[in-house]
Amino acid sequence: MPVPVPRQRAIPAVECGQAPAASPDSGPSKEQAPPGTHPAEHPTTRRENPTEKREKPTDTSPDTSTGTDSRTSTGTGTDSRTGTDTGAGRTHTDRTTQSAAPTNLTVLLIEDDPAGSPIVPDLLDQAGKPIRVRTARNLTEAGRLLTDDVHCILLDLALSAPAPAPARTNADGGGNGNGGGDSEDHDELAVLRHVLELAPRHAVLALTSSSDAERGAEAVAVGAQDYLFRDELDGRLLSRAIRYAVERKRSDSAERRLAEGRLRAQENRRLERGLLPTPLLAGSPLRFAARYRPGRSRALLGGDFYDVVRTPDGTVHAMIGDVCGHGPDEAALGVELRIAWRALTLAGLCGDELLGTLQQVLEHERSDDEIFATLCAVDISPDGRRAGLCLAGHPSPLLSRPGEPARLLPYDNNGPALGLLPGARWPRMQVELGAEWSLMLYTDGLIEGHVGEGRERLGQDGMVEMVRRQLAEGLAGEELLRTAVNEVRELNGGELADDVAVVLLDRTA
């Protein structure tokens, strides 16, 4: 069978600033194997030439690499590439022999030795498999060879730095005369900085001379994973350094992603905390307490919303509402409705006029025409003995007074939920509160939890009985709300599926 002859290099050597390519009959290059050694005797460390015209291998097995950090070549697709001989002839037998050895790690060596001196010895990974080495003689070639299957970059710090940009002349036409700035201002680690910018997700090992350890330490401070002495390398040391650098980079990346995730979570918590209302009750004798538990996990805000404000005439306005659903979109809409309610209340609107305007806000801000919101609004007179009540598809508040069992306020004139019927009306009912009372506003998350393992729900009647018992035990304020929410959760057998919001207003004689 005739021996195939590889094509000559497609990219002239002068394009990369290198010596002319060898002729096809000039024999193997020094990059391929140490001097005096046949390539077939050193199949462990693979070196690739970016300027060589690639030939299709005889074996057509596909490359099974699947990622940046875990990509491994398990077939002969990637291993069938030619080595780093500078245009020298290579036999079909040599290519087949090297392609038969699978590799787990791929290393990109960036060094500008035109003679191809083998500064990288034979490399084996932890499993004893050969580490494939690609060679780039400048940053342009490195950019072309830096694919996702490269795990580590070996950078020779002696690599020629890019030429500095010409200095601008002064306004009077003068200049520094050298066209490139002062040589002492040149950054010796400019090449490393460029590589780190080019490959932020890759591990980088810096190679320097044993007499320049300070430069290697500076390279680590800049961002390299480690540095090694070029003139003291051996295969075992370098292989271990590559593995450690790759794992260190993976660990650093994972730690950075974890820190970024924690920071985002903290920012989200601060944002959601800021979206919860701050009651405006200065000058009012009423006591206020609230309890909020979102239905979605790891969130502070759900589709439920509430607010309490006191207007200049002494009237205390309280509101609680529920946007259907409990995701982030519903939470955002609930915040918009709460802020709109506060603004409209402070502007002097109440009752049917206020709810009609809120419905317009909902219709303009919702993402879907089927989204609606229920709402309960109460305005308590300045003397604290009477209240006006408006219900928009929402459960009626619970009123408790000394010497009387807790009961629900009338809900016969309950209007439709906001966003369901255009032009709807919400009548305002007058309610007598008395001299001493507690008024609890809540969302349906408090009453729709299950009781036990069956399908039975707590319901309003079950909630009333539960609160009556807790009031009889002397619970009040924050303690009453906390106990009520915890008991509902226990009856449900775990976390509640829906958001829960509860507001309590008390007036003592």
Side-chain angles (χ1 to χ4, degrees), residues 269-296 299-311 315-323 326 330-343 345-346 373-380 384 387 389-392 394-400 406 408-409 433 437-449 460 463-464 466-467 470-471 475-489 495-496 498-508:
R269 283 194 293 269
R270 285 196 296 268
L271 176 62
E272 291 182 343
R273 238 183 259 115
L275 293 175
L276 290 174
T278 301
L280 301 178
L281 285 174
S284 173
L286 302 184
R287 295 184 304 178
F288 169 84
R291 195 77 176 170
Y292 194 98
R293 180 187 290 269
R296 57 193 177 106
L300 296 177
L301 204 63
D304 291 1
F305 54 98
Y306 67 88
D307 205 351
V308 177
V309 298
R310 180 176 183 267
T311 51
T315 303
V316 173
H317 302 262
M319 172 271 295
I320 194 166
D322 181 6
V323 177
H326 50 270
E330 290 77 11
L333 183 56
V335 171
E336 292 181 88
L337 292 176
R338 180 187 68 78
I339 295 174
W341 177 88
R342 173 174 285 199
T345 300
L346 293 176
T374 65
L375 190 136
C376 169
V378 177
D379 55 276
I380 302 170
L389 173 65
C390 287
L391 297 175
H394 200 88
S396 182
L398 179 69
L399 176 66
S400 63
L408 297 175
L409 293 180
L433 299 178
W437 47 265
S438 293
L439 188 64
M440 189 174 80
L441 287 66
Y442 54 93
T443 58
D444 58 6
L446 187 68
I447 60 178
E448 290 187 349
Q460 285 183 294
M463 181 205 66
V464 171
M466 178 188 71
V467 174
Q470 293 168 350
L471 288 171
L475 300 180
E478 288 278 359
E479 187 179 7
L480 172 64
L481 298 187
R482 181 173 58 253
T483 303
V485 172
N486 289 341
E487 184 171 337
V488 169
R489 180 179 174 275
E495 290 293 342
L496 299 168
D498 200 1
D499 307 322
V500 177
V502 191
V503 172
L504 186 67
L505 290 170
D506 292 327
R507 184 180 189 274
T508 58

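We use all heavy atoms of the structure for the numbers below, so side chains are in, but hydrogens, waters and symmetry mates are not.
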*Asks:* Among all residues two or more places apart in sequence or in another chain, which pass the side chain to side chain contact (heavy atoms under 4.5 Å, CB included) test with Gln460?
*Replies:*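 Gln460: side chain to side chain contact (heavy atoms under 4.5 Å, CB included) contacts with Pro395, Leu408, Tyr442, Ile447.
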*Asks:* Excluding sequence neighbours, so at least two apart, what forms salt bridge (Lys or Arg N to Asp or Glu O under 4.0 Å) with Arg310?
*Replies:*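 Applying salt bridge (Lys or Arg N to Asp or Glu O under 4.0 Å) to Arg310 gives none.
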*Asks:* How close do Leu389 and Ser396 get, counting heavy atoms only, and between which atoms?
*Replies:*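 Residues Leu389 and Ser396, closest heavy atoms: CD2-OG, 4.4 Å.
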*Asks:* State which residues pass side chain to side chain contact (heavy atoms under 4.5 Å, CB included) with Ile339; sequence neighbours excluded, sorted by chain then number.
*Replies:* Val335
*Asks:* Taking side-chain hydrogen bond (donor to acceptor under 3.5 Å, both in side chains) as the definition, give me every residue that meets it alongside Asp506, ordered by chain and number, with sequence neighbours left out.
*Replies:*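 Result, side-chain hydrogen bond (donor to acceptor under 3.5 Å, both in side chains) vs Asp506: Ser438.
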*Asks:* For Arg291, give me all partners under salt bridge (Lys or Arg N to Asp or Glu O under 4.0 Å), at least two apart in sequence or on another chain.
*Replies:*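 By the salt bridge (Lys or Arg N to Asp or Glu O under 4.0 Å) rule, Arg291 matches no residue at all.
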*Asks:* Closest heavy-atom contact between Pro397 and Leu391?
*Replies:*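 Taking every non-hydrogen atom into account, CD-CD2, 4.3 Å.
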*Asks:* Sequence neighbours excluded, which residues qualify as side-chain hydrogen bond (donor to acceptor under 3.5 Å, both in side chains) partners of Asp379?
*Replies:* Arg428
*Asks:* Mind checking what makes side chain to side chain contact (heavy atoms under 4.5 Å, CB included) contact with Thr374, not counting sequence neighbours?
*Replies:* Asp322, Phe372, His394, Ala417
*Asks:* Looking only at non-hydrogen atoms, find the nearest pair between Leu471 and Ala406 and report the distance.
*Replies:* CD1-CB, 4.3 Å
*Asks:* Partners of Arg342 by side-chain hydrogen bond (donor to acceptor under 3.5 Å, both in side chains), sequence neighbours excluded?
*Replies:*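 Testing Arg342 for side-chain hydrogen bond (donor to acceptor under 3.5 Å, both in side chains), a comparison that skips the adjacent residues, returns Asp307.
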*Asks:* Please report the closest heavy-atom contact between Leu337 and Ala373, naming both atoms and the distance.
*Replies:*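 Taking Leu337 first and Ala373 second, the nearest heavy atoms are CD1-CB, 4.0 Å.
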*Asks:* Which atom pair, heavy atoms only, marks the closest approach of Leu496 to Gly449?
*Replies:*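 So the two residues come closest at CD2-CA, 4.1 Å.
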*Asks:* Quick one: which residue pairs count as a salt bridge (charged side-chain N to carboxylate O under 4.0 Å, His left out) with a foot in residues 477-487, not counting sequence neighbours?
*Replies:*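 Found Arg469-Glu487.
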*Asks:* Quick check: do Leu375 and Ile320 have side-chain heavy atoms less than 4.5 Å from each other?
*Replies:*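 The answer is no, as the side chains (C-beta and beyond) never meet within the 4.5 Å cut-off.
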*Asks:* Mind checking the CD-CZ spacing from Glu336 to Phe305? Nearest 0.5 Å is all I need.
*Replies:*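 Between atom CD of Glu336 and atom CZ of Phe305 there are 11.0 Å.
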*Asks:* Within the 4.5 Å heavy-atom criterion, are Arg293 and Asp499 side-chain neighbours or not?
*Replies:*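 Sidechains of Asp499 and Arg293: no contact.
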*Asks:* So, for Gly303 and Tyr292, which heavy atoms are closest and what is the spacing to 0.1 Å?
*Replies:*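 It is N-OH, 4.2 Å.
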*Asks:* Which word best sums up how the rings of Trp341 and His317 line up, parallel for under 30°, tilted for 30 to 60°, or perpendicular for over 60°?
*Replies:* perpendicular
*Asks:* Name all residues meeting the side chain to side chain contact (heavy atoms under 4.5 Å, CB included) criterion together with Ala476; count only those two or more places apart in sequence or in a different chain, and write none if there are none.
*Replies:*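 None.
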*Asks:* Phe288 pairs by side-chain contact (heavy atoms from CB on, under 4.5 Å) with which of Val316, Val308, Leu504?
*Replies:*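 Single side-chain contact (heavy atoms from CB on, under 4.5 Å) partner of Phe288 among Val316, Val308, Leu504: Val308.
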*Asks:* Report yes or no: does Trp437 contribute a side-chain atom to a donor-acceptor pair with the main-chain N or O of Gly384 at less than 3.5 Å?
*Replies:* yes
*Asks:* For Thr315, enumerate each residue passing the side-chain hydrogen bond (donor to acceptor under 3.5 Å, both in side chains) test, keeping only those at least two apart in sequence or located in another chain.
*Replies:* Asp313
